[in-house]
Undergrad: 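One structure follows; several queries about it will come next.
In what follows, chains are A, B, ... by sequence order, proteins preceding strands, each numbered from 1.
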Amino acid sequence: MLEKTFDPQSVEPRLYAQWEEAGAFAPTSDPSAEPFSIVIPPPNVTGSLHIGHALNNTLQDVLTRFERMRGKAALWLPGTDHAGIATQMVVERQLAAEGNISRREMGREAFVAKIWEWKEKSSGTIQNQLRRLGASCDWSRERFTLDDGLSAAVRKVFVQLHKEGLIYRDKRLVNWQPDLQTAVSDLEVENVEVNGHMWRFRYPVEGQEGRYVVVATTRPETMIGDTAVAVHPGDERYQDLVGQKVWLPLTGRLIPIIADDYADPEKGTGAVKITPAHDFNDFRVGQRHGLEAINVFTPDAKLNDVAPESYRGLDRFVARKRIVADMDELGLLDGVDNHRLMVPYDEKSKLVVIEPYLTDQWYVDAATLAKPAIAAVENGDTVFVPKNWDKTYFEWLRNIEPWCVSRQLWWGHRIPAWYGPDGHIFVEETETEALAAAAAHYDAPTPLTQDEDVLDTWFSSALWPFSTMGWPQETADLKRFYPTHTLVTGFDIIFFWVARMMMMGLHFQHQVPFKRVVINALIRDEKGQKMSKTKGNVIDPLELIDAYGCDAVRFTMAAMSGQARDVRLSRQRVEGYRNFGTKLWNASRFTQMNECYRVEGFDPAGVKDTLNRWIRGQTVKTVQDVTVALEACAFDVAAATIYRFIWNVVCDWYVELSKPILNGTDEAAKAETRAMTAWTLDVCLTLLHPFSPFITEELWDKLGQVGPARTGLLITTPWPKLPADWIDAEADAEIDWVVDLVTEVRSVRAEMNVPPGARPPLTLAGAQGATRERLDRHLDLILTLARLQSVTEVEAAPAGSVPFVIGEATAALSIAEFIDVRAEQARLKKEIGGLDGDIERTAKKLGNVDFIARAKEEVVEENRARLADAQTAKAKLEAALARLDTVG
RNA sequence: GGGCGGCUAGCUCAGCUGGUUAGAGCGUCUCGUUUACACCGAGAAGGUCGGGGGUUCGAACCCCUCGCCGCCCACCA
């Protein structure tokens, strides 16, 4: 006999170990099995998994388990991402907190060694969390973006793209993170609207004493680097000034006034200062006009030696105040306004203001790589689920900018580029090859220095679907499992990751990396707030698992997954699904108590009893619905279907209706019902397994201890395939009738305040669909569930009589009439409603003066008649309804 | 400025290509120790489906419009 309750704490680790020992997570070696593969979105090794990972990984596991049970060679490939900046920041912060020396003092090698230490610990934590989540991923294939194989893939890709001219070095403005002193990509910049100021400065016109050009700026400190003032070519105010020069205050430089469309006459004063080295727009203007780009900042965003001496070494924000003050003193401050402006912040720290900065970096020609990636989604080689996300994908890819892939960090893939003494660049996969190339180039062995920079972390992630399968080796896995079938990920990394995997996958494998991209929502807290460590509202999945069990957490994730963008996680909901597990557990106990054991060779096709034929059909329908839903990744629909079937069909009705049989004397019916109950429960366990693997596996084992031996663990048990002709319309009609009848009687009892203990006689007068025979057939069920003593049939009751009696209470209606009255009331109400609309419309028409004036008399007459008819009809119906209301 | 979501019961959300009386869970109220389950059972209350207009025999669903809320993208001094 099963214990009183299911104990997740003890069962979960035991079963997980059992699955691993059985090798259940590895794809079947059966060569005829259709492959089904998923690569995990590799979690960052920055720390531990949050609840969002729990959602994402639950969905992947549901799919993997589902397809595995369907007999496919299911591979879910796990791994982690080195997460360049993020991890380096975490470790640096940790070093600082522990009072250690900084990374610069420590040196590159020692610092990287420290990060590796951190990585070992962190990936262990993550692995443990995934296990606790029941993730059935194939640990033997686990990968890390910085491991040897993946690093080789990264080098090969870089070198090949370089040789193809798709990677190049360029000097242009980048988004510079002055705190870390590295370039970051556009995507890592978060523009935040803040309150700021707009200052208006006067730049004196050369040779015209007392004449100024007034420019507006939100960034006074960059004026040191101005190399022009631009006005719109058509702006009359400045026509005569174009081609002249102004003095740039504080520097004593003369800069030209140029005409450029970029200057908007409507904005500010119509004249705009141009600082090519510190503004993306100005950079472009500068290029058009051949302006010098004067960099005024040091890498940590202090004013450099270009600035007048008094500003040198000042932080950019200190310099701003100083410059404004000095301009004011010189009488060159025309004014200052409050102004809302967008300030670019570093997405990771949310504290550091990103600086457009002129540097040499490596770029990927993303526009070229994007073309096939766009086409692949357009022609359906890869589909998004939900479909709408392809818009987001297209939008970005169609307007893509060159991808800056170099980072001035230490943690990551070192760029495979070496520099000769004269600066000549050798891009090769290894230093040996680079030296050889250099020797050939210089006609003599020549020492080289490797590029100090590392690659953007997303560079290696972009290769993930094939690098994890062993590429550049032509491995068996690559052949079998690439392209992967489904990618499950959050919409926040469609640009960062999905689009780039598409680009790289198509370029290097000539096939899309995945056929389907399932986008899952973001999880928020109960109040709809984004979870963050600083807010302290982060829910740790392990804490939930400890409290409610893994199955409940997983089921919650699946059930909530239908929501478009964000889902609110409530503990109550998890609790509800924990209760669902308990319900299933107790239903299983019921079957044991009633000796509902599985029977060797039992075939549901042959069941005779109506109830059993009914549940057979219900089971078939459920299997169909769940299968269809899972195929479409409608996890919420699938979960709801199973939930309702187990609770509201099997427990509420099948189990209840089977009691009279199980306690009765018809041995044949009893044996059949027992076998059928066991069979039905088995199907329930199978269907529920992808969602709640632990409780189902446990019950599978426990219930398998009597009867024919199980042939294997539930995890590898085939998904049910049941014939559609097991649905029995006649049995459905019969049981539906019983269910409706019982439901009605319960409602009537409650309305009539029949005492709970009372078992009144029930007299049915021509109940809907009721015949003596039909009543007798289900008498036990009805009496038990409706809690009645007897059912007596009478002849159609005379008008005004009392044909239906429950206990002491007197009712004016029979059950049948009661049902009919309700239906009739509803029908009448609806009809009246319809007439109301008609009356309203017609009355309105007749009230329209124009209509009366223009329409023919007979048309008006027609409408009057119609209105009158509708009104009389309504009056009649209302009277009828009123009568019914008094009777009811 | 573009794009995308959302607005349905007190709360969190379902409601597929328009079709009987708009559903679930939680919460609330009433009743219940019927031999699986109080992490349970029975019943009830509670909704002008954001507002307005339109199409239709019929709209939560389609069209138009307005209003909030949220997200993403965008170089505007």
Side-chain angles (χ1 to χ4, degrees), chain A residues 2 4-6 173 186-187 191 198-200 215-219 222 230 262-264 266-275 279-285 339 341-342 344 356 386 388-389 391-392 394-396 399 491-492 494-495 521-522 524 526 528 530 548 552 559-560 562-573 575-594 628-629 632 634 636-637 640 643-644 648 651-652 655-656 659 663 742-743 746-751 753 755-757 759 784-787 822-823 825-827 829-830 834 837:
Chain A
L2 290 167
K4 188 89 180 157
T5 52
F6 175 63
L173 282 188
D186 306 347
L187 294 173
N191 288 301
M198 175 128 80
W199 291 272
R200 293 192 305 276
V215 297
T217 181
T218 54
R219 301 210 52 199
T222 64
Y262 165 64
D264 182 347
E266 308 286 312
K267 291 257 165 64
T269 61
V272 57
K273 68 195 240 351
I274 301 296
T275 323
D279 182 284
F280 287 97
N281 288 308
D282 293 7
F283 185 75
R284 254 167 255 151
V285 175
H339 184 66
L341 75 159
M342 298 292 257
N388 249 13
W389 288 107
K391 288 208 177 80
T392 306
F394 287 137
E395 162 69 17
W396 189 68
N399 301 298
F491 56 78
D492 51 333
I494 289 178
F495 304 148
L522 239 53
R524 291 161 183 280
E526 277 163 309
K530 206 166 174 174
Y548 301 105
M560 294 190 318
Q563 281 157 64
R565 258 140 213 287
D566 43 45
V567 298
R568 299 183 188 203
L569 179 66
S570 91
R571 300 180 72 91
Q572 276 186 336
R573 190 143 181 202
E575 201 177 311
Y577 292 129
R578 187 269 321 267
N579 295 352
F580 171 58
T582 308
K583 186 77 180 175
L584 175 66
W585 186 263
N586 280 312
S588 305
R589 295 183 77 225
F590 171 84
T591 67
Q592 282 194 329
M593 288 173 188
N594 288 280
V628 167
D636 55 334
V637 174
Y643 182 95
R644 276 198 295 266
N648 303 117
C651 293
D652 286 353
V655 164
E656 292 305 327
K659 281 176 182 172
N663 297 329
V742 168
T743 307
R746 281 173 175 169
S747 181
V748 170
R749 282 180 62 109
E751 280 176 25
N753 296 318
R759 294 201 165 227
T784 311
L785 293 179
R787 310 186 65 200
R822 290 210 163 173
Q825 280 174 324
R827 197 184 66 75
K829 273 182 193 158
K830 207 182 167 195

Undergrad: Does a side-chain heavy-atom distance below 4.5 Å link A:Glu656 with A:Asp652?
TA: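 SC-SC contact between A:Glu656 and A:Asp652 ruled out.
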
Undergrad: Sequence neighbours left out, what passes salt bridge (charged side-chain N to carboxylate O under 4.0 Å, His left out) with A:Asp492? Give chain and number order.
TA: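 Per chain and number, A:Asp492 pairs via salt bridge (charged side-chain N to carboxylate O under 4.0 Å, His left out) with no residue.
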
Undergrad: Quick check on the 6.0 Å ring-centre criterion: do A:Tyr577 and A:Tyr548 meet it?
TA: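 No, the ring of A:Tyr577 stays outside the 6.0 Å limit from the ring of A:Tyr548, centre to centre.
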
Undergrad: Considering only the P atoms, how many Å lie between B:A22 and B:G50, rounded to the nearest integer?
TA: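 So the two P atoms sit 16 Å from each other.
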
Undergrad: Can you work out whether A:Lys659 or A:Ala263 has the more 5'-proximal nearest nucleotide on RNA chain B?
TA: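 It is A:Lys659 whose nearest nucleotide is closer to the 5' end.
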
Undergrad: At 4.0 Å (heavy atoms only), tell me whether A:Thr217 reaches a base, stays on the sugar-phosphate, or touches nothing.
TA: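 Contact class for A:Thr217: sugar-phosphate only.
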
Undergrad: In the strands shown, is B:C61 matched to any nucleotide by a Watson-Crick or G-U wobble pair with both distances under 3.5 Å, and which?
TA: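 Its partner: none found.
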
Undergrad: What integer number of Å spans the C1' atoms of B:C49 and B:G23?
TA: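 The answer is 12 Å between these two C1' atoms.
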
Undergrad: The side chain of A:Thr582 lies closest to which of these nucleotides: B:A74, B:C72, B:C39?
TA: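 Of the options given, the side chain of A:Thr582 lies nearest B:C39.
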
Undergrad: If we call it a pair only when both distances are under 3.5 Å in a Watson-Crick or G-U wobble match, what pairs with B:A44?
TA: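 Pair assignment: B:A44 / B:U28.
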
Undergrad: Could you identify the nucleotide paired to B:G23, looking across every strand shown and requiring Watson-Crick or G-U wobble geometry with both distances under 3.5 Å?
TA: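 B:G23 is paired, partner B:C13.
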
Undergrad: Just to be sure I understand the rule, does A:Phe580 reach a base, reach only the sugar-phosphate, or reach nothing, if contact means heavy atoms closer than 4.0 Å?
TA: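 No contact at all - A:Phe580 keeps every heavy atom at 4.0 Å or more from the nucleic acid.
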
Undergrad: Would you kindly check whether a donor in the side chain of A:Lys583 faces an acceptor in the base of B:C37, or vice versa, at under 3.5 angstrom?
TA: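 Between B:C37 and A:Lys583, which were checked side chain against base, a qualifying N/O pair under 3.5 Å is present.
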
Undergrad: A:Leu522 CG to B:G6 P: how many Å, rounded?
TA: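 The distance from CG of A:Leu522 to P of B:G6 comes to 16 Å, rounded to the nearest Å.
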
Undergrad: Rounding to an integer number of angstrom, what distance separates B:C61 and B:G41 when you compare their P atoms?
TA: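 About 35 Å, rounded to a whole number of Å.
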
Undergrad: Nearest to the A:Arg746 side chain among B:G43, B:C73, B:A77, which nucleotide is it?
TA: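 Minimum distance to the A:Arg746 side chain belongs to B:G43.
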
Undergrad: Checking base pairs now: Watson-Crick or wobble, both atom distances under 3.5 Å. What partners B:C49?
TA: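 For B:C49, the partner nucleotide comes out as none, under the 3.5 Å rule.
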
Undergrad: Given B:C4, B:G27, B:A36, identify the nucleotide with an atom nearest to the side chain of A:Gln572.
TA: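 The answer is B:G27.
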
Undergrad: Applying the Watson-Crick and G-U wobble criteria at under 3.5 Å, what pairs with B:C4? Answer none if nothing qualifies.
TA: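 B:C4 is paired with B:G70.
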
Undergrad: Between B:G41, B:A77, B:C37, which one does the side chain of A:Asp652 approach most closely?
TA: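 Shortest atom-to-atom distance from the side chain points to B:G41.
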
Undergrad: From the set B:G43, B:U12, B:A36, return the single nucleotide nearest to any side-chain atom of A:Thr743.
TA: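 Ranking B:G43, B:U12, B:A36 by closest atom to the A:Thr743 side chain puts B:G43 first.
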
Undergrad: Using ring-ring contact (aromatic ring centres under 6.0 Å, His included) as the criterion, point out the one residue from A:Phe491, A:Phe495, A:Trp389 that pairs with A:Trp396.
TA: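 So, applying the ring-ring contact (aromatic ring centres under 6.0 Å, His included) to A:Trp396 and each of A:Phe491, A:Phe495, A:Trp389, only A:Phe495 qualifies.
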
Undergrad: Should A:Asn579 be listed as having a side-chain N or O under 4.0 Å from OP1 or OP2 of B:C40?
TA: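 Checking A:Asn579 against B:C40: at least one side-chain N or O falls below 4.0 Å of OP1 or OP2.
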
Undergrad: Record whether the side chain of A:Glu656 comes under 3.5 Å of the base of B:A42 through a donor-acceptor pair of N or O atoms.
TA: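 Such a pair does not exist between side chain and base.
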
Undergrad: Among residues at least two apart in sequence or on other chains, which ones pass side-chain hydrogen bond (donor to acceptor under 3.5 Å, both in side chains) with A:Lys583?
TA: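 side-chain hydrogen bond (donor to acceptor under 3.5 Å, both in side chains) check on A:Lys583 returns nothing, list empty.
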
Undergrad: Base, sugar-phosphate alone, or nothing: which one does A:Val655 contact when heavy atoms must sit under 4.0 Å apart?
TA: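 Base contact.
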
Undergrad: With rounding to whole Å, what would you report as the distance between B:C64 and B:G10 at their P atoms?
TA: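 B:C64 and B:G10 have their P atoms separated by 30 Å.
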
Undergrad: Do A:Arg573 and B:C26 have a side chain to base donor-acceptor pair shorter than 3.5 Å?
TA: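 A donor-acceptor contact between them is absent.
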
Undergrad: Describe the nucleic acid contact of A:Asp264 in one word from base, sugar-phosphate, nothing, applying a heavy-atom distance below 4.0 Å.
TA: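 Base contact.
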
Undergrad: Using a cut-off of under 3.5 Å, enumerate the N/O to N/O pairs linking the protein to nucleotides 22-24 of chain B.
TA:
none

